[in-house]
Amino acid sequence: MGLEKKYQRDTLIIKITGELDLVAAEEFRHTVDLELDRKQVRNLVINLAGVSFIDSSGLGVILGRYKKLTRTGGKIWIAAARPSVRKILDLSGFPRIIPFYESEKQALEAVREA
């Protein structure tokens, strides 16, 4: 799994490549939590364009970041999920709590409007 991170104001943008599974979930959690705490980030955009597979560990780590951010008044957005990954997220009920966007650009526009 690869992780790229960048910032726009109080928003952390994480781009993941590879599989978001049991092995990668802990690295994702550690990296994101460190950035959320260190930079006082309020919002998180997760770009899943490069994710080819997600399992329950990956779902759990995203849900955990959602809970962490919402406790402090922050929000999370998911961008560019591939159809196979989007299907797993849909079946897990994620669209009921986290907005999805076709691209990172669209997600960032939504962040600015929030």
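The OG atom of Ser84 lies 9.5 Å from the CG atom of Leu89; values are rounded to the nearest 0.5 Å. To the nearest 0.5 Å, atom CG of residue Asp33 and atom CZ of residue Arg38 are 12.0 Å apart. How far OG1 of Thr11 is from CD of Gln8: 7.0 Å, rounded to the nearest 0.5 Å.
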| query | Would Lys15 and Leu3 count as a side chain to side chain contact (heavy atoms under 4.5 Å, CB included) if you check the C-alpha gap in whole Å, the side-chain angles of each, and the deciding distance to 0.1 Å? | reply | CA-CA 6 Å; Lys15 186 173 184 178; Leu3 286 175; over 6 Å; no
| Would Asn43 and Ile76 satisfy side chain to side chain contact (heavy atoms under 4.5 Å, CB included), going step by step from the backbone distance to the final call? | CA-CA 6 Å; Asn43 300 303; Ile76 184 171; over 6 Å; no
| task | For the pair Ile14 and Ile16, evaluate side chain to side chain contact (heavy atoms under 4.5 Å, CB included) and give the outcome as yes or no after the intermediate values. | result | CA-CA 6 Å; Ile14 294 284; Ile16 308 165; 3.8 Å; yes
| Criterion side chain to side chain contact (heavy atoms under 4.5 Å, CB included) on Arg42 and Lys75, from CA distance to verdict | CA-CA 7 Å; Arg42 182 175 171 88; Lys75 295 185 179 182; over 6 Å; no
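Within a 6.0 Å radius of CD in Glu109, other residues, nucleotides and ligands contribute more than 12 heavy atoms. Enclosure of atom CZ in Arg96 is not indicated, since only 12 or fewer non-hydrogen atoms of other residues, nucleotides or ligands lie within 6.0 angstrom.
Taking 4.5 Å as the limit, some side-chain heavy atom of Val32 sits within range of a side-chain heavy atom of Leu44. Put simply, the side chain of Glu26 does not reach to within 4.5 Å of the side chain of Ser57, judged on heavy atoms. Side-chain contact check for Ile98 versus Ile62: some heavy-atom pair is nearer than 4.5 Å. Annotation: side chain of Ile46 is in contact with side chain of Leu48 (closest heavy-atom distance under 4.5 Å). Considering only heavy atoms from C-beta on, Tyr66 stays 4.5 Å or farther from Phe94 through its side chain. Contact check for Ile78 versus Pro99: no side-chain heavy atoms found under the 4.5 Å cut-off.
Taking both residues in full, the closest heavy atoms of Ala25 and Gly58 are given as CB-N, 4.3 Å, listed atom of the first, atom of the second, then distance. Shortest non-hydrogen contact noted between Ala107 and Ala79 is CB-CB, 4.0 Å. The two residues Glu19 and Met1 come nearest to each other via the heavy atoms O-CB, 3.8 Å. For the residue pair Val85 and Ala81, the shortest heavy atom distance occurs at CG1-CB, 4.4 Å. Taking both residues in full, the closest heavy atoms of Val41 and Leu69 are given as O-CD2, 4.1 Å, listed atom of the first, atom of the second, then distance.
Considering Leu91, Leu20, Ile54 in turn, Ile54 is the only one that fulfils the side-chain contact (heavy atoms from CB on, under 4.5 Å) rule with Leu59.
With Thr31 contributing its side chain and Phe28 its backbone, the two residues share no donor-acceptor pair below 3.5 Å. The main-chain N or O of Arg29 is never found under 3.5 Å from a side-chain atom of Arg65 such that the two would form a donor-acceptor pair. Looking at Gln40, its side chain does come within 3.5 Å of a backbone N or O of Asp37 through a donor-acceptor pair. Remark: the backbone N or O of Ala49 is paired with a side-chain donor or acceptor of Arg82 at under 3.5 angstrom.
Under the 4.5 Å side-chain heavy-atom criterion for ILVMFWY residues, a single connected hydrophobic cluster contains both Ile97 and Ile88.
Looking at Asp10 and Lys39, no side-chain N of the basic residue comes within less than 4.0 Å of a carboxylate O on the acidic one, giving no salt bridge.
Contacts of Lys67 classified as salt bridge (Lys or Arg N to Asp or Glu O under 4.0 Å), with partners at least two apart in sequence or in another chain: none.
Side-chain contacts under 4.5 Å among hydrophobic residues (ILVMFWY), followed directly or transitively, place Ile13 together with Val45, Trp77, Tyr101, Leu108, Val111.
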